[in-house]
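Please read the structure below before turning to the comments.
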Amino acid sequence: MLKVALVGFGTVGQSVARILCARPAAGLALTHIANRRVERKRVGWVPPDVIWTDDFEQVVGSDADVVVELIGGVDPAAEWIRRALAAGKSVVTANKQVIAQCGEGLLALARDQRRHLLFEAAVAGGIPVVRGLREGLAGDRLVRVEGVLNGTCNYILTRMADAQVSFEAGLSEAQELGYAEADPSADLDGADARAKLAILTLVGLRRRIDVEAVPLASIREIDPIDFVYARRLGCTIRQVARAELLADERLLAFVRPALVPLTSNLARIEGNQNTVVVEGAFGGEASFSGAGAGGGPTAVSVVSDLEAIARADAAGHAGWPSASSAEAVEREFEAPHYARFIVADRPGIIASLADVFSRHGVNVDAVLQEPGWSKSELPFVVTLERCSSAAVGEALTEIVAFDFHARRPVWMPILASGGGPS
């Protein structure tokens, strides 16, 4: 019987405890629950022999075989995981920030201690993507991993696409439904998806990256009109997290809103769901989709890790990268691009834009304009032929200085359904 100490008794922690208490014959026994101000957390459905404590020292000194860390954040969670491993205990965690920032060192410690550190729930909640990459696709050489990794953003973007609600209204709905925090910055601006991407890059591509080196772009400036134009192009808009090995073995990575084909796996995922798509050199494309968050789905991933340890068949760590420094991240890429402008209309605007793009070596592909809009705030889109994202950024830095803008321009890459950015 594997003895389990649960550290953190919030939404996920309570869901884990419910599963453990409901399945006593599964080879897992809940022995400890640790939480700040633990007396306020006591519930009657937990068996009376479970020890409640607000002292992590009691957990470290206990006879528990596994510590489940569910407190979130890097401090003190990373140190607590380190101490549990050093004390000879295996660890299961749902903490994406700890694994993204400290995972390689903690995995090395687990290997040295001959203990397990498993983190299926740290990426995409209830989707078994970590085990799928580590075990199910172990025979392939993965060259790309990408996904829709943040349910809050995906809910907002699909509501904007389907109901033409504003960004602000979509965010308000997400908060009312519990999909978004009171401060949703980490979701909207890409930091949450970036941490998950760093883990997937480690697991899938066997490359360790500095989380802070991955460039981000927010979804805050996306407007319902962008979905109208995206559909004209056979696309929709998603917050895409992508890491890709280029032909020369450089690693491209980013988290940003992008146009994706309506026929792609990324486009099909809706609401607060998540999806991860990987490409192998030999096996081609595979995808994993499902509930990316929530107490129940995340708890299932946690308990699945516990059962893997109980069966003693959890994957070993011999294949993890052991470089002492993080790999450089390539920030620029080539793709077709979408640029949306909202202007106070007057003659010569298109010519001015085309002149700037031309001077930066960027070719205009098409100009799209929906009828029926006010001349004082007229939206239109310029699509650009495949070119460097750096060139587009430099051109737009010059373009924003023009005085005809009613709102700041928005640009996004147009990503292909598979393979590279275009």
Reported SG-to-CG distance for the pair Cys153 and Leu171, which is rounded to 0.5 angstrom: 9.5 Å
If you look at every heavy atom in Glu120 and Ile127, which pair is closest and at what distance? OE2-O, 3.3 Å
Look at the side chain of Glu332 and the backbone N and O of Ala390, then say whether any donor-acceptor pair between them is shorter than 3.5 Å. yes
Are Phe341 and Ile349 close enough that some pair of their side-chain heavy atoms sits under 4.5 Å apart? no
Heavy-atom nearest pair, Gly283 first then Asp140, reads N-OD2, 2.8 Å
Are Glu57 and Arg83 ion-paired here, with the side-chain N under 4.0 Å from a carboxylate O? yes
Would Tyr338 and Asp226 count as having a side-chain donor-acceptor pair, cut-off 3.5 Å? yes
Here the pair of heavy atoms bringing Arg208 nearest to Leu202 is CB-CD1, 4.3 Å
So does Arg231 have more than 12 non-hydrogen atoms from other groups sitting under 6.0 Å from CZ? no
Do the side chains of Cys102 and Glu79 get nearer than 4.5 Å, heavy atoms only? no
So does Asp223 pair up with Arg407, basic N to acidic O under 4.0 Å? yes
Does Lys3, at its NZ atom, have more than 12 non-hydrogen atoms belonging to other residues, nucleotides or ligands within less than 6.0 Å? no
Hey, can you tell me if Phe9 and Trp52 have their rings parallel, tilted or perpendicular (30° and 60° cut-offs)? perpendicular
Go through the structure and list residues passing salt bridge (Lys or Arg N to Asp or Glu O under 4.0 Å) with Asp403, not counting sequence neighbours. Arg346
Determine whether the side chains of Arg268 and Thr236 contain a donor N or O and an acceptor N or O closer than 3.5 Å. no
Do Glu146 and Arg242 sit within salt-bridge range, that is, some charged N less than 4.0 Å from a carboxylate O? yes
Evaluate the side-chain proximity of Leu20 to Leu306: yes if any heavy-atom separation is below 4.5 Å, no if none is. yes
For the CD atom on Glu181, are there more than 12 heavy atoms of other groups (residues, nucleotides or ligands in this structure) within a distance under 6.0 Å? no
How about Thr53 and Asp55: does a side-chain donor come under 3.5 Å of a side-chain acceptor? no
Could you tell me whether the side chain of Thr158 and the main chain of Tyr155 form a donor-acceptor pair under 3.5 Å? yes
Quick one: are Leu216 and Asp189 in side-chain contact, heavy atoms under 4.5 Å? no
